[in-house]
Amino acid sequence: RPSIDRGRRPHLLSALRPPQSPASSSRMAAAGKSQELIQQLLQAEKEAESLIATAKKNRLAKLKQAKEKAEEDLKAFREEQEKKFQKEMGSKAAADPSAELKGATQAEIDLVKRDYEQNKDKTVQYVISKVLDVPTQLSATQKQALMMGMA
């Protein structure tokens, strides 16, 4: 049953369509609702992909920013260490190595003199005691040697 409007030709598809019953119209409404839900899911999926892409871009930007900051910090650290090194090397280059050696040698000489002064009296007493401690008796070995020499 094609619907015919006055002055217009009926659409071919509408002429081929069977008449709609109340059950088929509820099926059509459910199909339309399903289609709407599918569209919502597709839209949500697109939004999620967009969020993920944005998050990835932000992450890469933060990584790049962190890398640049680390490079700046490293550059500043290197410059600071180089200045310290140059300062130390400059002071060492200006210092006279022979004067440093002379100072160390003098310290050693002073240490030896101090030890000498501390132990001088004890050493003299020890040597004197050994020189003056002369045994007046002959040991058994000395007696035997004398006896063999006479025989």
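The figures that follow rest on heavy atoms only: side chains count, while hydrogens, waters and symmetry mates do not. In this text the structure is predicted, and so the values were computed from the model without any measurement.
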query: Same hydrophobic cluster for L132 and V124, using side-chain heavy-atom links shorter than 4.5 Å among ILVMFWY?
result: yes
Point-to-point distance, once rounded to the nearest 0.5 Å, from CD of E79 to CG of L74: 10.0 Å
statement: So OG1 of T54 and CD of E49: to nearest 0.5 Å the spacing works out to 11.5 Å
- prompt: Distance from S139 atom OG to Q144 atom CD, nearest 0.5 Å?
  reply: 10.0 Å
task: Using the side chain to side chain donor-acceptor pair (under 3.5 Å) rule, collect all pairs that involve residues 56-76, keeping only residues at least two apart or in two chains.
output: K69-D73
message: Quick one, E108 and T105 - any side-chain contact, counting heavy atoms below 4.5 Å?
response: no
- request: Kindly compute the distance separating CD (Q40) from CD (E47), expressed to the nearest 0.5 Å.
  value: 10.5 Å
- prompt: Is the count of non-hydrogen atoms from other residues, nucleotides or ligands lying under 6.0 Å from Q142 atom CD greater than 12?
  reply: yes
query: Atom CG in D110, atom CG in D115: separation rounded to 0.5 Å?
result: 11.0 Å
message: Clusters formed by hydrophobic residues whose side-chain heavy atoms approach within less than 4.5 Å: which one holds I109, and what are its other members?
response: none
message: What verdict does the side-chain contact (heavy atoms from CB on, under 4.5 Å) test give for R114 and Q118, after you've listed the backbone C-alpha separation in whole Å, the side-chain angles of each residue and the deciding distance to 0.1 Å?
response: CA-CA 6 Å; R114 189 185 77 207; Q118 285 178 346; 4.1 Å; yes
field: Residue from E80, K87, Q86 passing side chain to side chain contact (heavy atoms under 4.5 Å, CB included) with K84
entry: E80
- line: On a heavy-atom basis, the closest approach of V134 and V131 is CG2-O, 3.5 Å
